[in-house]
Structure formats: C-alpha cells, structure tokens
Amino acid sequence: MRGDTRSYAAARKERAADIDRWLTDLLRTACGTPYGRTGKNGEHRTTDERGALSGVALVAVGSLGRAELAPGSDLDLVLLHNGRDDVARIADRVWYPVWDSGVGLDHSVRTVEEAATVARDDLKAVLGLIQARHVAGDPELTRAARESVLSEWRADSRRRLGELRDATDKRAEASGELAFLLEPDLRDSRGGIRDVQAMQAVAAAWVASAPGPRVREAYELLLDIRHGLHLVTARGADRLVLQEQDAVAGTLGLLDAEALMRRLAEAGRTVAHAFDATWRTVDRLLSGPAPRGRRPLADGVVEHGGEVVLARGVDPRKDPVLVLRAAAAAAEAGLPLAPATVNALAAQSPPLPVPWPDDARDALVALLGAGRAAVPVWEELDQAGVLVRLLPDWERVRHRPQRNPVHRYTVDRHLIEAAAGAASFTREVSRPDLLLISALLHDIGKGWPGDHSTTGAVVARDIGTRIGLSPADVDILETVVRHHLLLPETATRRDLDDPVTISRVAEAVGSREVLELLAALAVADGNATGPAAWNSWKASLVTDLVRRVRSVLSGTPLPPAPALSAAQASLARHGGGAVRVNGGAVTVVAPDRAGLLWRAAGVLAAHRMVVRAASAASAGSTAVIEFSVVPEYGSPPDPATLEADLRLVLAGRLDIEQRLARRTRSLRPARVPVAPPRVTLVDDASNTATVVEVRAHDRPGLLWRIGRAFGDCGLDVRAARVETLGAEAVDVFYVVDRAGRPLTDEAQRAQVRDQVLAALR
C-alpha cells in the first residue's frame with residue numbers, strides 16, 4: 001500500500017521525545033527540584049528530587065500520549081496529584097510556559113479518583129486515559145489512574161462500547177466516508193484516524209483483537225498524510241482540501257494529487273472494512289451465544305453463527321468456483337462472509353479456467369443480482385485480493401479517485417454501486433444478466449487513457465470473452481458499454497423534437513434489446529454517481545427519448561414536432577406579451593424577435609433561478625418560450641414579482657445587465673483554478689440549425705451571457721438544453737441566422753466561437 005511514500009513516524013516520535021524532556025524540566029522546576037535541564041535519559045534523579053515530585057505526575061493523552069504528534073497538533077495533558085496543597089501553583093508553572101511557547105494546550109488537573117469519575121461519564125476522557133502515557137513525576141499515580149480507568153472500561157464494556165458505537169456513527173454521518181470524499185477529514189471521516197483509535201479502545205476492553213498489520217500500515221499512511229498537510233498549511237488542519245492535495249502529495253514523494261487520493265482511498269477502505277469487522281465481533285460477543293447449528297446456503301457453503309462459512313470437509317483447492325458461489329450465497333442471505341472463510345478462499349482457490357464455466361458466470365450474476373447486499377460482500381472480496389485475480393482488469397480502476405464533485409465514489413465502488421442499483425431493473429429487461437454485467441463494467445475504461453466509453457468497450461469485450469459469454473452477447477456488452485452515456489447526454493443536450501436526434505440514437509442503438517439495457521443502465525449509473533447526476537428532470541427527458549427511439553426501432557414514423565399546447569395557444573393569443581409561472585415551469589409569450597430567450601434567461605438568473613432547459617416555438621409572429629427552472633437555494637421567488645420583471649425586460653424597461661453585474665461582484669471567486677471554457681460547433685446534429693455546445697464553469701447569468709453573444713453575431717436561439725454537473729455547465733444551443741438557416745460560412749462559425757468565448761471570460 002505504501003509504495004515509495006516517506007513515513008514521518010520517526011519525526012513524530014522524536015518530537016514527542018523532545019516535548020517529554022521539555023515537560024519534565026517544567027514539572028521539576030515547578031516542584032522546586034535542585035536540578036535544571038535533565039539529560040536525554042532523565043539522569044541525575046536524587047532522593048530530594050524524588051521527594052519533590054512525589055504525589056504529582058504529568059500524563060500525556062491524545063496524540064502526544066500515542067507519540068503521534070504532527071507538526072500542528074495540540075498538547076493534551078493531565079496533571080495527576082494525590083491531594084497536594086501546592087498543586088495549583090505547580091499547574092500554573094507548567095501550563096504558562098506551554099502557552100507562552102504558542103503551542104495549543106488542552107489541560108486538566110485531577111486526583112486519581114477524579115480522573116476515574118470523569119472517565120465514567122465522559123467518552124473523550126476515557127478514550128484518552130486508556131492510552132495515557134507517563135511523562136514525568138510519580139509513575140505510581142499514572143499507573144493507578146490507568147488501571148482504574150481500564151478496569152472500569154472492561155467491567156462496563158457493554159454500556160461503554162454502545163456509547164462508543166453511537167459516537168462513531170454520528171461522527172461518520174457528519175463527516176462522510178474518507179475513501180470517497182473530494183476533500184476528506186483525515187481524522188473524523190469514516191475510515192479515518194479516529195476509527196483506528198476506536199478499534200484500539202475496543203481491543204483495550206478485551207472484546208476484540210487489536211488492529212492487524214494492514215490496518216496499522218493504513219493508519220501510518222493517514223498519519224503521514226496529516227503530517228504532510230500540517231507542513232504544507234503551517235497549521236493543525238485535518239481536512240485535505242483540493243488546493244493542498246498536490247503539495248501534500250509532494251511531501252510524501254508521490255507524483256500528484258491523484259496518486260495521493262488513490263492511496264488515501266485504499267487506506268480509508270482498509271480501515272473502514274476492519275472497523276465493520278470489529279463491530280460485528282463486538283455485537284456477537286456482547287449479544288450472547290449465537291444459535292448452534294449450520295444452515296446450508298449453497299453447495300459447500302453454510303451459515304454458522306450469523307456468518308457464511310464453508311461446510312465441513314470442503315476443500316477450496318478442488319473447486320475454483322467456490323469463491324463466487326460463497327459470495328453469491330452470502331449476498332443472497334444478507335450475511336457477511338466470515339473473515340477466516342474469505343482468507344481461506346483467497347489463499348487456496350485455484351484460478352478459474354478461461355473462459356469461465358457457466359456456473360461461475362451464473363454465480364457472478366447471482367451475486368450482483370442481490371442488489372445492495374452485494375456491496376459489502378464485493379468489498380470483502382476486494383480486501384482479500386480476490387477480485388483482481390478473478391478480473392485482472394479490475395486493478396486499473398481499483399481505488400481510482402474521481403476528483404469531481406458530481407461523483408461520490410471511487411471508480412471501482414461506483415461500478416459495484418451501479419450494478420447493485422441495476423438489480424432493481426432486472427424484471428424490466430429481457431437480458432437481466434447482461435444488464436448486471438454491463439453495469440459492473442460500464443466505466444471500466446476509466447483505468448485507461450482516452451475516452452473511457454471507447455476504451456471501456458474494448459476492455460468489456462475482453463472481459464466478456466473471459467467470463468464465457470457467447471460472441472453475440474459479447475457484442476451486446478460492448479455496444480452497451482460504448483454507448484452507456486448516449487441516452488442521458490442526448491436527452492439533456494439535444495433537441496428531442498429534431499428528427500436527426502432520434503434517428504442518430506436509433507442508429508447507434510440498433511435494437512430494442514440494447515435500448516432497454518441502456519435505459520435501465522442510465523438510471524442505475526446516474527443514481528450511483530450522485531444527486532447532481534440524476535434527478536426527475538433528467539429521468540423524464542430520458543424516458544421521452546427512449547419512447548421516441550423505441551417507435552423508430554419498431555418501424556413507426558416519427559411524430560411531427562408538437563404544436564402549441566392549449567395553455568400555450570391561449571397565452572399566444574395575447575400577442576403583446578404574457579408570462580406564466582407554475583412551479584418549475586416558466587412560460588414566456590411575446591412578439592417574436594431576436595434575443596427573446598436570453599433576455600428572459602437574464603431575468604431568471606437575477607431572481608436566482610437555475611435554468612435546466614429551454615425551448616422555443618412559434619405561433620405566427622408570436623414566440624412561446626418554455627423554461628424548466630429550479631431555485632439556486634431556498635424557496636423560489638414570488639411568481640408575481642418574477643412575472644413583473646419578465647414583462648419589464650420584454651418592454652425594454654429593465655436593465656438586467658446591471659443586476660447581474662451586481663450579483664457577479666458579490667460572488668466569491670472559485671477556490672481552485674478552473675479549466676478554460678470550450679465552445680464546439682457540432683456538425684451533423686441537426687438539419688435545420690447549427691448546434692453549439694458550451695462547457696464552462698457555472699455562474700449566475702451564464703445562459704444570458706452566451707445568448708447575448710449569439711445576438712451580437714446576428715443569431716437567434718431556437719432551443720437550448722442546459723445541464724449543470726457540480727460546478728460545471730454543459731449548455732447546448734440550436735442557433736439559426738436571421739433567415740432561419742443553419743450556419744455554413746466558416747468565417748461566421750469562427751466568429752460565433754470567438755464571440756461566445758469572449759463573453760465567458
């Protein structure tokens with residue numbers, strides 16, 4: 001796991017030793033001992049000195065107590081005493097020099113009995129005292145305090161471990177999962193430093209084993225990254241923010257932020273996996289003896305004590321399919337694989353023959369078909385190193401970060417999450433097995449250079465052949481992986497009323513079987529990506545696209561472009577201008593003229609409304625524009641106020657540019673550098689308009705700025721598709737010249753590109 005990273009463990013231990021010597025001198029001076037600075041090994045202890053230090057002890061807890069002090073860490077100290085009258089004076093003479101040095105200090109003064117009393121009710125205090133370390137003074141006081149606290153911790157383990165479990169669950173809920181966060185909290189996130197310390201506390205209660213070597217290695221890496229973060233920021237930070245990641249990677253000798261985050265994801269998942277196993281052990285031991293007996297689950301696989309184990313007499317060395325069969329049985333039963341069973345299968349299972357036998361592929365499909373229950377079992381196989389032996393190409397996506405706020409998981413975890421989500425749609429497709437396998441492999445190309453859909457199709461073909469799919473099924477798998485983004489990207493970035501859009505999708509899909517697989521995968525992929533990647537608006541567009549493409553594949557002619565609805569026609573009869581706001585739907589009707597769409601979009605932006613889609617239709621000399629909008633945050637604006645401002649801008653009586661400029665000035669600049677905008681004229685996407693795709697960092701009034709640039713070029717926007725992915729906008733416009741024709745002159749096309757880019761800077 002560590003590779004060539006440089007550990008700071010020696011530096012942390014040396015700093016702790018230096019601070020110990022300093023604190024020892026402070027305590028001796030405070031107690032009036034006859035000697036000043038001590039030697040490195042604490043020599044020159046005299047009888048008088050021992051007497052002066054009797055009945056008082058300085059104890060380190062927290063990171064100093066564990067000798068894990070990072071450069072920006074505070075000191076956590078407890079001054080123990082036996083009731084000495086001068087303890088307040090001693091404390092002041094120790095604490096004030098520490099404060100004067102500028103080092104952060106968390107301190108307390110306690111008798112042994114007081115320390116034990118506080119530990120009974122204060123979880124933070126007891127966790128610190130469990131790992132307390134004697135620094136200076138009377139060692140008997142430190143020993144007595146630790147023994148008293150540990151004895152009560154073990155005696156009351158049922159209550160205290162339940163309290164610890166609740167605290168760790170709340171912390172994980174607040175801080176998220178370290179392995180999958182864009183800017184993780186190294187200490188408090190699930191899988192972070194505090195989870196290892198919680199496991200150490202469980203071990204101190206004699207309920208479960210202490211963390212093993214893989215967890216200790218992961219823990220040291222987390223400490224090293226935190227150490228590097230403190231050096232880079234020159235402060236005691238725990239959150240690894242984006243702009244610091246490259247620099248922190250450099251302090252550890254890693255190539256870049258991606259290499260750092262991949263190591264961090266692996267460490268976080270190792271810790272989280274062990275953490276879950278620890279709590280299963282706690283639950284099992286504290287809940288009393290498990291029911292005796294073994295319940296058969298599959299050939300060679302049984303349930304025993306709430307876990308999935310191998311049946312007696314089964315030899316993994318003779319059955320290469322057993323590992324997949326056991327995993328599928330565990331997922332279908334909703335039970336964990338016993339750690340000893342996973343280790344035995346990992347160590348003893350022979351390689352599967354290539355191509356796989358049918359029962360191996362069936363077991364893989366059964367595992368994926370278990371849905372959410374498949375995810376923890378898949379994680380067990382991954383932690384044991386089984387997956388990369390079954391599917392060697394998995395190594396390229398394993399722990400690979402996706403440094404994009406749209407994605408909530410690493411690539412490999414996203415894939416199994418998508419497969420688990422796809423299990424909900426297996427009754428809606430004719431080939432549920434291909435749906436599950438496609439979901440598992442749809443992003444497999446992200447481990448290779450180039451477009452991941454293209455490279456992924458090649459890798460998926462190889463894997464499909466490896467696992468024994470027929471040539472025809474391999475072709476379908478390759479097609480689905482190659483086009484897994486086709487439906488959502490087309491639905492959100494193309495005009496579905498344009499016949500070219502539908503015919504292109506139908507040509508790429510080729511069959512209703514592939515179409516239904518892509519439709520189900522679009523939902524599973526979007527939900528597994530994150531809330532910014534899938535919502536009811538996008539789902540409705542994809543459903544509409546699928547309906548239209550299915551008609552074409554069935555031989556039914558494309559329906560004509562829809563006429564105005566009854567409500568639109570009623571508004572259009574006003575002719576002079578009308579506005580209707582109905583929730584997230586905003587309809588604008590006005591005399592048809594250039595720039596109508598982007599002027600209306602400016603009003604919406606000024607009212608903090610995010611435009612998701614826009615389309616335009618004509619009824620004689622009157623234009624009807626439909627916007628789909630959502631508020632940037634909070635509640636939507638008052639419809640009456642929004643309608644009034646739209647009417648004002650249509651009448652030329654509202655300076656929307658000034659309003660948007662004020663909004664822009666009030667915004668904070670991006671915390672990290674953003675990529676430059678890109679403008680692309682997409683050829684062959686429409687026969688009746690020129691399609692312009694704009695990718696840029698999202699900001700208020702973006703649609704207005706782009707539309708105004710089109711207006712400056714003498715163009716009109718016939719329709720728009722607007723999508724925001726995290727902080728990035730992907731906007732597509734169907735534009736025509738004043739005569740209503742697409743752009744063919746290269747000079748004019750270049751002018752459009754340059755003008756839009758200039759508007760975005």
Are Leu485 and Ser453 close enough that some pair of their side-chain heavy atoms sits under 4.5 Å apart?
yes
Check step by step if side chain to side chain contact (heavy atoms under 4.5 Å, CB included) holds for Val735 and Asp716.
CA-CA 6 Å; Val735 300; Asp716 197 17; over 6 Å; no
Main-chain N/O of Val514 paired with Ser511 side-chain donor or acceptor, under 3.5 Å
yes
Please check if the number of heavy atoms outside Trp448 that lie under 6.0 Å from its CH2 is greater than 12.
no
With a 6.0 Å cut-off (strictly less than), is the heavy-atom count around CZ of Arg738, excluding the residue itself, greater than 12?
yes
Sub-3.5 Å donor-acceptor pair from the side chain of Thr490 to the main-chain atoms of Leu486, do we have one?
yes
Any side-chain heavy atom of Asp443 sitting closer than 4.5 Å to one from His484?
yes
Between Ser503 (side chain only) and Val500 (backbone N and O only), is there a donor and an acceptor less than 3.5 Å apart?
yes
Go through it in stages, so that I can follow the logic: the residues are Val730 and Val722, the test is side chain to side chain contact (heavy atoms under 4.5 Å, CB included), and I'd like the CA-CA distance, side-chain angles, deciding distance and then a yes or no.
CA-CA 6 Å; Val730 182; Val722 180; over 6 Å; no
Do Gln402 and Thr410 pair up side chain to side chain, a donor and an acceptor below 3.5 Å, judged on atom types alone?
no
Is a side-chain N or O of Gln245 found less than 3.5 angstrom from the main chain of Leu260, in a donor-acceptor match?
no
Output, in order, the C-alpha distance, side-chain angles, deciding distance and verdict of salt bridge (Lys or Arg N to Asp or Glu O under 4.0 Å) for Glu417 and Arg413.
CA-CA 6 Å; Glu417 291 281 346; Arg413 179 60 176 266; 2.9 Å; yes
With a 3.5 Å cut-off and no angle check, do the side chains of His442 and Asp525 form a donor-acceptor pair?
yes
Under 4.0 Å between a side-chain nitrogen and a carboxylate oxygen: does that hold for Arg749 and Glu746?
yes
Electrostatic pair Arg494:Glu489 at N-O distance under 4.0 angstrom
no
Verdict with supporting geometry, Val736 and Phe710, side chain to side chain contact (heavy atoms under 4.5 Å, CB included)
CA-CA 10 Å; Val736 293; Phe710 288 140; over 6 Å; no
Val542 side chain near Val523 side chain, heavy-atom distance below 4.5 Å:
no
Step by step, would you call Gln243 with Glu183 a side chain to side chain contact (heavy atoms under 4.5 Å, CB included)?
CA-CA 10 Å; Gln243 60 263 39; Glu183 297 183 329; 4.3 Å; yes
Considering non-hydrogen atoms only, spot the tightest contact between Ser628 and Trp537 and give its length.
OG-CD1, 3.7 Å
Taking Thr688's backbone N and O only, do any of them form a donor-acceptor pair with Ser686's side chain (distance below 3.5 Å, no angle check)?
yes
If you compare all heavy atoms of Val549 against all heavy atoms of Ala506, which two are closest, and at what distance to 0.1 Å?
CG1-CA, 3.8 Å
Heavy atoms of Gly268 and Ala179 approach each other most closely as C-CB, 4.4 Å
Output for pair (Leu541 CG, Leu487 CG), nearest 0.5 Å, gives 11.5 Å
Gap between atom CD1 of Ile476 and atom CG of Leu435 - 0.5 Å precision:
12.0 Å
Side-chain touch Val682/Val692, heavy atoms, less than 4.5 angstrom:
no
Look at Glu516 together with Arg512 and state whether they make a salt bridge at an N to O cut-off of under 4.0 Å.
no
Closest contact, heavy atoms only, Ala759 versus Ala709:
CB-CB, 4.0 Å
Indicate yes or no: at least one non-hydrogen side-chain atom of Pro184 is less than 4.5 angstrom from one of Met261.
yes
Specify the closest pair of heavy atoms between Tyr409 and His414, including all atoms of both residues, with the distance to one decimal.
CB-N, 3.7 Å
Donor-acceptor contact below 3.5 Å, side chain Asp246 vs main chain Ala257:
yes
Check whether Arg548 reaches the backbone of Leu496 with its side chain - one donor and one acceptor, N or O, closer than 3.5 Å.
yes
Decide, yes or no, whether a salt bridge links Glu177 with Arg190 under the criterion of side-chain N to carboxylate O below 4.0 Å.
yes
Under 3.5 Å, is there a donor-acceptor pair between the side chain of Lys446 and the main chain of Val397?
no
Quick one: does His607's side chain get under 4.5 Å of Thr641's, heavy atoms only?
yes
Taking all non-hydrogen atoms of both residues into account, name the closest pair between Trp598 and Leu703 and its distance.
CB-O, 4.2 Å
Gap between atom CG of Leu597 and atom CZ of Phe733 - 0.5 Å precision
8.0 Å
Can you tell me how far CZ of Arg721 sits from OG1 of Thr501, rounded to the nearest 0.5 angstrom?
9.0 Å
Are any of the side-chain nitrogens in Arg695 or Glu693 under 4.0 Å away from the carboxylate oxygens of its partner?
yes
Would you compute the distance between atom CZ of Arg653 and atom CG of Leu648 and round it to the nearest 0.5 angstrom?
5.0 Å
Are Asp495 and Arg718 within salt-bridge range, i.e. N to O under 4.0 Å?
yes
pair Leu186-Leu264: side-chain heavy atoms closer than 4.5 Å
yes
Checking Asn582 side chain against Ala585 main chain: does a donor-acceptor pair fall under 3.5 Å?
no
Short question: side chain of His483, backbone of Val480 - any donor-acceptor pair under 3.5 Å?
no
Should we count CG of Asp683 as having more than 12 external heavy atoms under 6.0 Å?
yes
If you measure from NE2 on His399 to CZ on Phe180, what distance do you get to the nearest 0.5 Å?
9.0 Å
Do Ser175 and Asp185 pair up side chain to side chain, a donor and an acceptor below 3.5 Å, judged on atom types alone?
no
Check whether any side-chain heavy atom of Cys713 sits under 4.5 Å from a side-chain heavy atom of Gln748, and report yes or no.
no
Taking Glu478 first and then Arg482, would you say they form a salt bridge - that is, a charged N and a carboxylate O separated by under 4.0 Å?
yes
